[in-house]
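Below: one structure, written as structure tokens.
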Amino acid sequence: MISYKHLKPFLSKTIPSLLLLCALCGCASSRPEDTAVPAAIDSADIDTYTIAVPGLSRDYNLLFLTDSHIVLPDETTDEIRDYSASRLEHFTMEGPAPSSEFFAAWMDYANQTRPDALLLAGDIIDSPSPANVEYLASAFEKLEIPYLYAMGNHDWTYPWEYMSETGENEFRPLLAPFMQGNTAIHSLELEELILVAVDNSNNQIHPDALEEYKDILSIGKPVILLLHVPFYTESLLAETSKVWPNSVVLGGGVHGGFYPNDVSAQFMSLTTAADSPVAAVLAGHVHFSHESMLDGEKQIPQIVGDAGYKGKGTAIHIVDASDARQ
């Protein structure tokens, strides 16, 4: 368990507003009072995976979060106000605490446990509302470790501007400060690893990412690839089909996934090539955890993280392959 002293000023101001909003929306009676408490994290909230990489001189620890769907009340416009209220009700009822509280708790956890990096696989905010973006900026200001953030579809869209030109020109740039100024691709280089975040939030690899991805792969260091939409595997598609009526994986079009366009096909081929330095793919989007192997000349593990709005997170331990065999 961890301390939440830094949450008190925020909670003292926001909890009364959240409770009032739930009452107005008719959801107060749907949620027991004993669940309306500040978020807490313990080992039961954390899935743990180990990735073996040849030639490492030390272990690396990563904290991996996805699909937090942070949503705060916002009065900017009537449309944003109504949408934020409905989404706040939805995620408050589905999770044991508001998603914003869980995210703040994870930031505190990261500062205490000091992993080598925090990886965020998109849909961290539920929409690019001013309140959500401001909250995100405030949370990252308190973070004391490096982080990498792959764009999710909710991060930069509203339902009435879904994947639109307005979204591209007005909303996507709001996330750029959290992505080293490049929402298509950016990276974080550790001593012996390169962590790479690539945007595939519209179900295809962003075209601006391909050439830089080639350059990163040519460096020769092992790569951990971070995406929002996971790549197709047979077992993952089977599980998503039980939950989602439409495809939510990139690839495997003939089986029910999204058919990759030329850029995505090249990107996926590079990732699973026999000489690829990619050691693992981390993704989100589907709101449950899953591990499987990508098909290709080189089999690569893909780890899909459970949803942060449920309070879930993932610990990734990267170890030398010789240690993993012992």
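This is a predicted model, so every value here is computed, not measured.
Arg172 has a carboxylate O that lies under 4.0 Å from a charged side-chain N of Asp199, or vice versa, which qualifies the two as a salt bridge. Note on Lys221 versus Glu189: salt bridge recorded, some NZ/NE/NH1/NH2 to OD/OE distance being below 4.0 Å.
Using bins of under 30°, 30° to 60° and over 60° for the plane-to-plane angle, the ring pair His69/His287 lands in the perpendicular bin. Taking the six-membered ring where the residue is Trp, Tyr213 and Phe267 present parallel rings, their angle staying beneath 30° rather than reaching 60°. In this pair, Phe288 and His290 present their aromatic rings perpendicular. The plane angle is above 60°, beyond the 30 to 60° band.
Atom CG of Asn202 is separated from atom NE2 of His228 by 11.0 Å, given to the nearest 0.5 angstrom. Interatomic distance, Glu239 CD to Glu234 CD, rounded to the nearest 0.5 Å: 11.5 Å. Atom CD1 of Ile51 is separated from atom CD of Glu291 by 8.0 Å, given to the nearest 0.5 angstrom. Within the model, atoms OG of Ser100 and CG of Leu72 stand 5.0 Å from one another, a figure rounded to the nearest 0.5 Å. Note that CE of Met151 and CG of Leu226 are 12.5 Å apart. Values are rounded to the nearest 0.5 Å. The CE atom of Met179 sits 6.0 Å away from atom NE2 of His186, with the distance rounded to the nearest 0.5 Å.
With a 4.5 Å cut-off on side-chain heavy atoms, Val281 and Leu294 count as touching. Side-chain contact check for Ile185 versus Ile216: some heavy-atom pair is nearer than 4.5 Å. Looking at heavy atoms from C-beta onward, Val229 lies out of side-chain contact with Val249 at the 4.5 angstrom threshold. You'll find the side chain of Lys312 stays beyond 4.5 Å of the side chain of Asp47, heavy atoms only. In this structure, the side chains of Val319 and Val53 stay at 4.5 Å or more apart for every pair of heavy atoms. With contacts defined as side-chain heavy-atom distances shorter than 4.5 Å, the pair His206/Asn200 does not qualify. Proximity of Leu225 to Phe231: side-chain heavy atoms (C-beta onward) are separated by under 4.5 Å at one or more points. The side-chain heavy atoms of Leu136 and Leu175, taken from C-beta on, include a pair separated by under 4.5 Å.
At a cut-off of 3.5 Å, with distance as the only test, a side-chain donor of Ser264 or Gln204 sits close to an acceptor on the other residue. Side-chain contact check for Asp155 and Tyr149: at least one donor-acceptor pair (N or O, by modelled atom type) lies under 3.5 Å. Side-chain polar atoms of Tyr162 and Asn153 form a donor-acceptor pair below 3.5 angstrom.
Between the side chain of Thr166 and the main chain of Glu161, no donor-acceptor pair closer than 3.5 Å is present. Between the side chain of Asp123 and the backbone N or O of His154, at least one donor-acceptor pair lies under 3.5 Å. A donor-acceptor pair is defined here as one N or O able to donate and one able to accept, closer than 3.5 Å; no such pair exists between the side chain of Ser289 and the backbone of Val304. Distance alone, capped at 3.5 Å, is enough to place a donor-acceptor pair between the Asp67 side chain and the His285 backbone.
The distance between the ring centers of Tyr109 and Trp106 falls below 6.0 angstrom. For Phe102 and Tyr309, the ring centers are positioned 6.0 Å apart or more. Checked against the 6.0 Å centroid threshold, Tyr232 and His255 count as a close aromatic pair.
Residues Ile300 and Leu270 share a hydrophobic cluster, clusters being chains of Ile/Leu/Val/Met/Phe/Trp/Tyr side chains in contact below 4.5 Å. No path of Ile, Leu, Val, Met, Phe, Trp and Tyr side chains, each step under 4.5 Å between heavy atoms, connects Val286 with Phe64, placing them in separate hydrophobic clusters. Transitive grouping of hydrophobic side chains (ILVMFWY, heavy atoms separated by less than 4.5 Å) brings Leu118 and Tyr135 into a common cluster. Linking ILVMFWY residues whenever their side-chain heavy atoms come closer than 4.5 Å, directly or via other members, places Leu120 and Trp156 in the same cluster. Connection of Met163 to Leu174 is established within a shared hydrophobic cluster, with ILVMFWY side chains joined at heavy-atom distances below 4.5 Å, either directly or through further cluster members.
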Could you check His317 against Asp59 for side chain to side chain contact (heavy atoms under 4.5 Å, CB included), going step by step and ending with a plain yes or no? CA-CA 7 Å; His317 302 305; Asp59 295 350; over 6 Å; no

Start with the C-alpha distance between Ser129 and Asn132, add both sets of side-chain angles, then the distance that settles side chain to side chain donor-acceptor pair (under 3.5 Å), and finish with yes or no. CA-CA 5 Å; Ser129 73; Asn132 291 346; 3.1 Å; yes

Can Ile224 and Ile318 be said to form a side chain to side chain contact (heavy atoms under 4.5 Å, CB included), step by step? CA-CA 10 Å; Ile224 305 297; Ile318 304 176; 3.9 Å; yes

Set out, in order, the CA-CA distance, both residues' side-chain angles and the distance that settles side chain to side chain contact (heavy atoms under 4.5 Å, CB included) for Ile80 and Tyr158, then state yes or no. CA-CA 9 Å; Ile80 291 175; Tyr158 295 101; 3.5 Å; yes

Applying side chain to side chain donor-acceptor pair (under 3.5 Å) to Glu297 and Thr272, what does each step give before you reach the verdict? CA-CA 6 Å; Glu297 294 177 353; Thr272 59; over 6 Å; no

Test Glu192 against Ser57 for side chain to side chain donor-acceptor pair (under 3.5 Å), laying out the working first. CA-CA 8 Å; Glu192 301 169 291; Ser57 64; 3.0 Å; yes

Full working for side chain to side chain contact (heavy atoms under 4.5 Å, CB included) between Phe91 and Ile70: CA-CA 9 Å; Phe91 286 113; Ile70 294 167; over 6 Å; no

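Sparse packing is recorded around CG of Asp262, with 12 or fewer heavy atoms of other residues, nucleotides or ligands lying under 6.0 Å away. When the shell of 6.0 Å around CD of Glu165 is examined, it contains 12 or fewer heavy atoms from other residues, nucleotides or ligands. Heavy atoms from other residues, nucleotides or ligands lying under 6.0 Å from CD of Gln180 number more than 12.
For the pair Arg58 and Tyr60, the cation sits on the ring face: its NZ or CZ lies under 6.0 Å from the ring centre, inside 45° of the axis.
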